[in-house]
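Some notes on the structure that comes next.
Computed from a predicted model, the values in this text were never measured in an experiment. The analysis underlying the following values was restricted to heavy atoms, covering all of them including side chains, and did not include hydrogens, waters or symmetry mates.
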Amino acid sequence: MSKGIIKRIENIGMWTFQAVERVGFAMRLLWDSFYWLLVGRRYKQKLRLRQVVEQIRVNGFDAVPIVTALAFVVGMMLSIQLLYALSDFGAESQVLLAIAKSVTREFSPLITGVIVAGRSGAAIAARIGSQVVSQEIDALKVIGVVPVRYLVLPPLLGLMISMPMLIILADVMAIFGGSVFGAHQLNMSVSAYMVESFNVLVVGDVMQGLVKSVVFGVIIVLVGATTGFHVTGGAEGVGRATTSAVVISISFIVLADMIASYFLTQ
């Protein structure tokens, strides 16, 4: 075998090993986070409520404007496209059902997950990565602070709480966006469109989106933290880690969305 082929095989093996190691590290972060949540008070490592509230504000409430705007636009876009497609079959009245269920089951969780991954995933990776580079992580260990409890657990709980709230907001705004265009085409008022849309929904439609949102929140934090803890190369390494955290988070969100959609619709 030529040296080039051997080198490629070695690179594939190295990347595979690194990927498996990163996944194992992320699972360890998840385990340690909930471990310190349960036993932290016993070892004087209790979680401060103020930290979780701050993460809910940063990752949740600060994302409200962009989530609201994009959900509204997506709802209107779906209304335009579905009315055009269904008009060929004389089924324009089914737009209400199609938008309500597709938004709550699929579009709201996916769009919100991508937005939060771009905002919060990058921020988590940059924060932890910069602390790794400046050796602040080592300083935390020296003074007796568990880095996972201090750096990973607050954003993990913050996103697990704030993601479902963002999803509910996105659901409402997307349906409202669909009503702005669809109500006129269906000879309905906006209020009647909204009421009818909520009437066709069942609890399972909304719960499917909420379950996905919690999973997406966990993925964003674990990917961001794992990438941040493995930063090397100074400030340039922090920049690479930030980019990688966003790309990997979105990739895993799409994959998790596909798997969840399959099992939740069986």
Quiz item: How far apart are the closest heavy atoms of Phe229 and Val132, and which atoms are they?
Solution: CA-CG2, 4.0 Å

Quiz item: What about Met194 and Val180, same hydrophobic cluster or not, with Ile/Leu/Val/Met/Phe/Trp/Tyr joined at side-chain heavy-atom distances under 4.5 Å?
Solution: yes

Exercise. Please confirm whether the backbone N or O of Gln55 pairs with a side-chain atom of Asn59, one donor and one acceptor, at under 3.5 Å?
Key: yes

Quiz item: What residues form a ring-ring contact (aromatic ring centres under 6.0 Å, His included) with Phe72, not counting sequence neighbours?
Solution: Phe176

Quiz item: Nearest 0.5 Å, what's the CZ-CG distance between Phe181 and Leu78?
Solution: 12.0 Å

Practice problem: Verify, without hydrogens or angle tests, whether Ser120 (side chain) and Ala117 (backbone) share a donor-acceptor contact under 3.5 angstrom. | Solution: no

Exercise. Rounded to the nearest 0.5 Å, what's the gap from OH on Tyr35 to CZ on Arg28? Could you check?
Key: 10.0 Å

Quiz item: Is a side-chain N or O of Lys46 found less than 3.5 angstrom from the main chain of Trp36, in a donor-acceptor match?
Solution: no

Practice problem: Kindly indicate whether the side chain of Phe34, heavy atoms from C-beta on, has any atom under 4.5 Å from the side chain of Val39. | Solution: no

Quiz prompt | Same apolar cluster: Leu222 and Val58, side chain cutoff 4.5 Å | solution = no

Quiz item: Which heavy atom of Val223 sits nearest a heavy atom of Ala245, and at what distance?
Solution: CG1-O, 3.7 Å

Quiz item: If you round to the nearest 0.5 Å, how far is CG of Asp257 from CD1 of Ile250?
Solution: 13.0 Å

Quiz item: Who else is in the cluster with Val203 when I, L, V, M, F, W and Y are joined by side-chain contacts under 4.5 Å?
Solution: Ile167, Ile168, Val206, Met207, Leu210

Quiz item: Among the clusters formed by ILVMFWY side chains lying less than 4.5 Å apart, do Val221 and Leu38 turn up in the same one?
Solution: yes

Self-check item: Lys/Arg N to Asp/Glu carboxylate O, Arg240 vs Glu236, below 4.0 Å
Solution: yes

Practice problem: State, with a plain yes or no, whether a side-chain heavy atom of Ser79 is found less than 4.5 Å away from one of Ile99. | Solution: yes

Quiz item: Quick check: are there more than 12 heavy atoms from other residues, nucleotides or ligands sitting under 6.0 Å from CD of Glu21?
Solution: yes

Exercise. Decide yes or no on side-chain contact (heavy atoms from CB on, under 4.5 Å) for Val215 and Ile220, but give the supporting numbers first.
Key: CA-CA 9 Å; Val215 175; Ile220 291 168; over 6 Å; no

Practice problem: Decide whether Ile124 and Val53 are clustered together by the hydrophobic rule: side chain heavy atoms of Ile, Leu, Val, Met, Phe, Trp, Tyr closer than 4.5 Å, transitively. | Solution: no

Quiz item: Between CD1 of Ile56 and CD1 of Ile161, what distance do you get to the nearest 0.5 Å?
Solution: 4.0 Å

Quiz item: What's the shortest heavy-atom distance between Ala63 and Leu166, and which atoms?
Solution: CB-CD1, 4.3 Å

Quiz item: With a 4.5 Å limit on heavy-atom distance, are the side chains of Thr112 and Leu169 in contact?
Solution: no

Quiz item: After noting the C-alpha distance and the side-chain angles of Met163 and Val214, does the key distance pass the side-chain contact (heavy atoms from CB on, under 4.5 Å) rule?
Solution: CA-CA 6 Å; Met163 281 292 287; Val214 174; 6.0 Å; no

Exercise. Please report the closest heavy-atom contact between Arg149 and Pro154, naming both atoms and the distance.
Key: O-CD, 3.2 Å

Practice problem: Kindly compute the distance separating CG (Leu159) from CG (Leu156), expressed to the nearest 0.5 Å. | Solution: 8.0 Å

Quiz item: Can you find a heavy atom in the side chain of Val254 that is under 4.5 Å from one in the side chain of Val114?
Solution: no

Quiz prompt | Tyr84 with Leu96, same ILVMFWY side-chain cluster at under 4.5 Å | solution = no

Quiz item: Within a strict 4.5 Å, meaning less than it, do heavy atoms of the Met258 and Ser261 side chains meet?
Solution: no

Quiz item: Is a side-chain N or O of Ser251 found less than 3.5 angstrom from the main chain of Val247, in a donor-acceptor match?
Solution: yes

Quiz prompt | Closest approach of Gly237 to Val231 (non-hydrogen atoms, all atoms of both residues) | solution = C-CG1, 3.9 Å

Exercise. Please answer whether the main-chain N or O of Val195 pairs with a side-chain N or O of Asn199 as donor and acceptor at a distance below 3.5 Å.
Key: yes

Self-check item: Ser108 and Asp171 side chains, donor-acceptor separation under 3.5 Å
Solution: yes

Exercise. Considering non-hydrogen atoms only, spot the tightest contact between Ala241 and Ala125 and give its length.
Key: O-CB, 4.0 Å

Exercise. Let me see the working for Thr227 and Thr242 under side-chain contact (heavy atoms from CB on, under 4.5 Å), right down to the final yes or no.
Key: CA-CA 8 Å; Thr227 307; Thr242 302; over 6 Å; no

Exercise. Could you tell me whether Lys101 and Glu106 have a side-chain N and a carboxylate O separated by less than 4.0 Å?
Key: no

Self-check item: Gln131 side chain near Leu151 side chain, heavy-atom distance below 4.5 Å
Solution: yes

Quiz item: How long is the gap from CG on Leu153 to CG on Leu47, to the nearest 0.5 Å?
Solution: 4.5 Å

Quiz item: Among pairs that include at least one residue of residues 132-154, which meet ring-ring contact (aromatic ring centres under 6.0 Å, His included), considering only residues two or more places apart or in two chains?
Solution: none

Exercise. Please answer whether the main-chain N or O of Tyr193 pairs with a side-chain N or O of Ser179 as donor and acceptor at a distance below 3.5 Å.
Key: no

